[in-house]
Peer 1: 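Below is a structure I'd like to ask you about.
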Amino acid sequence: MATDRIVGIDLGTTNSLVAFMQGESPVVIPGEDGSNLVPSVVALDQGGKPIVGNRARNYLIETPERAVYSIKRLMGRGMEDIQEELKFFPFRLADDLEAGEVIRIKLGDKTFTPPEISALILRQLKRNADRFFGEPVTKAVITVPAYFNDAQRQATKDAGRIAGLEVLRLVNEPTAASLAYGLDRKQNGVVAVYDFGGGTFDISILKLHDGIFEVIATNGDTHLGGDDIDNFLITIALDDIRGDLGLDLRRNGEAVQAIRKVVIEAKIALSSQVSVKLDVELPGGERYLREITREQFEQLIQPVIDRTVGPCKQALKDAGLKPEQIDEVVLVGGSTRIPRVRAIVQELFGREPHTEMNPDEVVALGAAIQANILGGGSEATENMLLLDVTPLSLGIEVAGGVTDKIILRNSTVPASATQHYTTQVDGQANVAIHVLQGERELAKDCRSLARFDLKGIPPMAAGMPRIEVKFLIDANGILHVSAREQRSGKETEIQVQPSYGLTDEQVEGMILDSFDNAEEDFRRRQVIEARNEAETILTALDKGKKSPAWGRLTTNEKKQIAKMEKSLIAVKAEDDYRAIRKAIDALNQGSMRLAELMMDSAVSTVLKGKTMEDADVGEGPTAPHPVAKAEFE
Amino acid sequence: MATQGESTHSCWSCGAMRAAHFCEACGKVQPPAPADYFAFFGLPRKLNLDVAALEKDFYELSRKLHPDLNARTDKREQEWSLEQSSLLNDAYRTLKDPIRRTQYLLQLEGVELEEQSKAATEKARATGEAKKQIVPPDLLEEVFDLNMQLEELRMHKKMGEDDPALIEEIGRQKLELEEKRQALLNELQADWKTWDGLIGREQAGQLVSEDERKQARDKMVDLLNRRNYIRNLVRDVNEALEN
């Protein structure tokens, strides 16, 4: 049923994809341009209309102030933790940002929060899926880096909501990839997934057991990826240009983007070639020319790649496994195409990694499989179940600024912990709880998740109330908190102040805006497409009337066709795409005999030694069938 | 085990008598009933348990209770599935690990392990004194030596000096401590046997005196304390070596 259709989405730092389960295997849904990947780039055109994907990439070079990429790096983060990012990425922050507010990025003269920009990418994917299915898709599974914290996960979920999607599940990217790999090689054993993408790095170790994919340990770095390699190369090029040509281009957005484009191309080429030539045209007509060998490249990027080693070792330690106990290693993410990265993985685990599946698509395909499982499963996914873990320990701040860990990292989710609180003063009505995420001993070194205010505690002597607080991490890795005063049995009201992230009301406001637009966009597009189809069939009919076959129809048949033609022309002028499609279908049915007759005459013409072109059959209403043709264009 | 849970309840959905967490007739997840982790798996409160069988039960129950497999039910059932499956995961995580399992049982038996330690920490903070830890008698001499050496190492480091011999000696002691900690695990299993014996007698309808229970508990509390002490010591050594 259409309402049960759930798509799987890989919302990547560099590229995003949408996939679904077609029969027994997952497939990627291409965009209008036929490409499976939608670059995660968003731009605003001069009219203020958002442009997403390949077309937005041109804006990056021509009007960089109207475009943004790698927005995933800012999801769920606050001002103080993006300072490093601001040095290397051309993110333009809104001028009127206040402390504690969710960051906003300037595009042209408008500002957007990271979830809103991600929502624009999701909407493009949704549009591609809508087009593919011929009706709106409303439910999705979205993947996130395994090492994403609560705020980053919440921000991703918010983005889905803003885009008009019901996010049924957030799935960790490496785990999704393991599902895609596991689909055609059903077996038991221990698998390590090394996921090195555009902006994030994850390592997950899983135990496969009769269709159960149980994550034993995960680790990573949510700010380590191909982006870092690019930025490294850009810095070197800018230094070179300053030294050799005396040009300081660090603040020239267009020049930096032109250099970025060239170094990315060079990086990709160096995975298959041993040397490449950089050639960038600079403002003022100068050129930056340089040759880089693979050897030099590998030396340069070694420090970036080395940063993946620590998390791998920690994950092995947490899993209580030695490298030789890993049965298979799987590579995911575009950065694993770099030969040096593959070599490091081979060194780490002492075995050749699997690279059979396209590292850019495997996460989206896995998301489609998870979507299928959530939707009730099929023969291909029967018995498959994912048991994932929380990547970071959950703690609460106790006296002295110390973190008391209540749910340890690598605990299978859903997971819960219960804590008891009481009051310090007679009649105290509120208790504050500070929730943290991270591995460090001191609260100030962990990530602040939220401050919870327990309110409305019945008045009692100090130390008398017994408030039970339940912390629950759901299957998305997102925290829920509930509290109850046990003596009175009263549910305690909790006021949440998320440390980073949008409030429910804010998200609600954003949804209404864009959701209405999305529906309107969809409808408008459908009308345009339906009118195009109507044009095609009407033109074909005109041709048919001039063919000898027309004369062989009965008067009644001709009358019928004329009537249907008239009604199609009438509804075509209106905005109801359903009515247009209905009229198209009717005319198609009604002109079936005409099409057959034309076919017959074409065949007999051939027999008489004439060509198909003479019969003009190619444009008749039969082949290709105009409706079938237009639907998937 | 778990799937054989008592059939004293009937399914809210189809009315059939059911297992504890889901209905065997219609497969529906049931509202969670208050249960300790042992009871959740239908196990007696014994400490020596078959971890392979526990894992098998865990997988089987996951296939019934996990939210992914109950995503198409109504809101209430999804809520139950979330609660039941978090309980399942919490219980499995606790019971599969020998130390956590022992701590949990002692907690069920009314021993406030964590509270004791927390109270001591808070008192130490309030008075500004170092938290007093009772040194296990069999470790007294070693701990004394080790602390001296750690002090020496910190001094050297402060002066920017290097003392490979000292570092090697400390490393050797750390290894010994880790071996001791491992040996404690074996000792713990003997304590389990005593405890399980008492539970076995109770199950057979025999009387077990509170004294006997207390004795068995105290032995385990003592052992866990010694183990924690060694763990903290190893942590101190690691810190001193790294800094």
Peer 1: Suppose a student defines contact as a heavy atom less than 4.5 Å from any heavy atom of chain B. Which residues in residues 473-480 of chain A would they list?
Peer 2: A:Asp474, A:Ala475
Peer 1: What are the two closest non-hydrogen atoms of B:Asp68 and A:Gln370, and how far apart are they?
Peer 2: OD2-NE2, 2.7 Å
Peer 1: Report the distance from atom CD of B:Glu60 to atom CD1 of A:Ile212, rounding to the nearest 0.5 Å.
Peer 2: 9.0 Å
Peer 1: Check the surroundings of atom NZ in B:Lys96: do more than 12 heavy atoms from other residues, nucleotides or ligands lie under 6.0 Å from it?
Peer 2: yes
Peer 1: Considering all heavy atoms of both residues, which atom of B:His66 and which atom of A:Leu386 are nearest to each other, and what is their separation?
Peer 2: NE2-O, 3.5 Å
Peer 1: Let me know if A:Leu374 has heavy atoms under 4.5 Å from chain B in its side chain, its backbone, both or neither.
Peer 2: both
Peer 1: With rounding to the nearest 0.5 angstrom, report the CG to OG distance, A:Leu387 to B:Ser62.
Peer 2: 5.0 Å
Peer 1: With a 4.5 angstrom heavy-atom cut-off, is it the side chain or the backbone of B:Leu82 that approaches chain A, or both, or neither?
Peer 2: both
Peer 1: For B:Arg76, look at atom CZ and say whether over 12 heavy atoms of other residues, nucleotides or ligands are found less than 6.0 Å away.
Peer 2: yes
Peer 1: So which part of B:Asp90 gets closer than 4.5 Å to some heavy atom of chain A, the side chain, the backbone, both or neither?
Peer 2: side chain
Peer 1: Report the distance from atom NE2 of A:His209 to atom CZ of B:Phe58, rounding to the nearest 0.5 Å.
Peer 2: 11.0 Å
Peer 1: Please evaluate residues A:Asp210 and B:Arg63 with respect to the criterion side-chain contact (heavy atoms from CB on, under 4.5 Å), reporting the C-alpha separation (whole Å), side-chain torsions for both, the decisive distance (0.1 Å), and the verdict.
Peer 2: CA-CA 11 Å; A:Asp210 295 340; B:Arg63 288 191 195 278; 4.0 Å; yes
Peer 1: Ignoring hydrogens, what is the shortest heavy-atom contact between B:Leu69 and A:Met384? Give both atom names and the distance.
Peer 2: CD2-O, 4.5 Å
Peer 1: When rounded to the nearest 0.5 angstrom, what is the spacing between CD in B:Glu55 and NZ in A:Lys207?
Peer 2: 3.5 Å
Peer 1: Keeping the roles fixed (side chain from B:Asn89, backbone from A:Pro414), state whether a donor-acceptor pair exists under 3.5 Å.
Peer 2: yes
Peer 1: Measure B:Gln78 against the heavy atoms of chain A and call it side chain, backbone, both or neither at under 4.5 Å.
Peer 2: neither
Peer 1: Quick one: list whatever passes side chain to side chain donor-acceptor pair (under 3.5 Å) with A:Thr175, sequence neighbours left out.
Peer 2: A:Asp388
Peer 1: Give, for atom CG of A:Asn410 and atom CZ of B:Arg93, the distance between the pair rounded to the nearest 0.5 Å.
Peer 2: 10.5 Å
